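Here the structure is laid out as structure tokens; the discussion comes afterwards.
Scope of the values below: all heavy atoms of this structure, side chains included, with no hydrogens, waters or symmetry mates. Whatever order the structure lists ligands and atoms in, that order sets their numbers, starting from 1. Nothing here was measured: the structure is a model prediction, and the numbers come from that model.
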Amino acid sequence: MASEFDLIARHFTRPAAPGQLGVGDDCALFDVPPGHQVAVSTDLLVEGRHFFPNVDPRALGHKALAVNLSDLAAMGARPVGCLLGLALPRADDAWLAAFARGFHDLADEANCPLIGGDTTRSPASLTLSVTVFGAVRPREALRRDAACVDDEIWVSGELGAADVAYRILDGQLPADPLRLSAVRRALEWPTPRLALGRALAGLAHAAIDISDGLLQDLGHILDLSRVGAELRYSALPVAAGLDGLDDATRRRAVLGGGDVYELCFTAAPADHAHVVQAAAKAGVRVSCVGRITDRSGVIVLDDTGRPLPDLPQGFDHFA
Ligand code: ADP
Ligand code: MG
């Protein structure tokens, strides 16, 4: 096995951005623009839990960073830098090179350089930990506790594809190669909605990224904002890869499916046109899917205005 230091030098050392001190010292150093707060988030990814052992390492490198950048996007923050913790059962150079490429490609695209981390050999499953730092003006941060009664509820992109891809790969849905090829990218190469999050900062009220399912994640906004929600099922943006699936499978994927990394956010009805403009500027589709109410809980209305029964639950690691 290459030494820990060779491995870090080969795969994870990149030139630091101006004003930063990157990999190689005891700590990394970075500036935040005056008037901004640091937004920090961290996520763990465990083999067999968050990704399949045979996943393409380049896709894994991308996704490990993407899910963290998605948290910055949901806060309206701009990326500043990131840290990578690696617990490796083995050090396979080709695997690490592909992983690092997926990671660095997205880091470059998002302007979020890798400025440090920790690397160790592990007797257990491959485990990755990514921490991202961002900058946001305190009054512009999109917090989960900021939804107001009568706000419109919006969702970016499309829903359901990642859930269907996961369930095909996991053997819970029939192996259908055509369908899998239509939905797999959503699971393995999610796009963090950074430009949209920035465009919504100071405009939208509350926001969250959909990692555990629309109903569950919207539920976090509702709990912290002490409000409720009414969604219109037919207004939800369904990924084309779900065409032809039975209603129950579609409903479960759209309302409860995780790993989406789209933004769910609320904004004042008076700002409807501004939200549409912000999304156009960010180059992202957004759909207005419902509104915030003063009754607690979520109801989802069908085309006739009746609430759907038996809403699916989102993903809970300890359920
Ligand atoms: P320390 O003993 O001070 O924790 P290390 O020997 O663990 O330092 O790491 C040496 C340098 O390499 C540090 O700057 C650390 O941030 C960086 N580093 C270690 N592992 C990684 C990694 N997986 N990705 C990026 N940087 C890393
Ligand atoms: Mg260390």
Using a 4.0 Å cut-off to any heavy atom of [X], which atoms of ligand 1 qualify?
X      : result
Gly24  : 11 (C), 13 (C), 14 (O)
Thr119 : 19 (C), 20 (N), 21 (C), 22 (C), 23 (N)
Asp26  : 3 (O)
Phe5   : 6 (O)
Asp25  : 13 (C), 14 (O)
Phe12  : 24 (N), 25 (C)

Using a plain distance cutoff, I'd like to know if Leu114 has any nitrogen or oxygen under 3.5 Å from a nitrogen or oxygen of ligand 1.
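It does not: no N or O of Leu114 is found under 3.5 Å from an N or O of ligand 1.
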Can you tell me how far apart [atom1] ([X]) and [atom2] ([Y]) are? Round to the nearest 0.5 Å.
X      : Y      : atom1 : atom2 : value
Leu215 : Leu231 : CG    : CG    : 6.5 Å
Arg291 : Glu152 : CZ    : CD    : 10.5 Å
Leu96  : His11  : CG    : NE2   : 5.0 Å
Leu44  : Thr131 : CG    : OG1   : 8.5 Å

Does a side-chain N-to-carboxylate-O contact under 4.0 Å join Glu158 and Arg285?
yes
Looking at non-hydrogen atoms alone, which of Ser129, Gly117, Ala9 comes nearest to atom 27 (C) of ligand 1?
Gly117
ring-ring contact (aromatic ring centres under 6.0 Å, His included) between Phe51 and Tyr166, worked out
CA-CA 10 Å; Phe51 56 92; Tyr166 174 81; over 10 Å; no
Between Trp154 and His272, is the ring-ring contact (aromatic ring centres under 6.0 Å, His included) condition met? List the steps.
CA-CA 10 Å; Trp154 299 78; His272 187 100; 4.7 Å; yes
Side chain, backbone, both or neither: the part of Asp118 lying under 4.0 Å from ligand 1 by heavy atom:
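It is both backbone and side chain that touch ligand 1.
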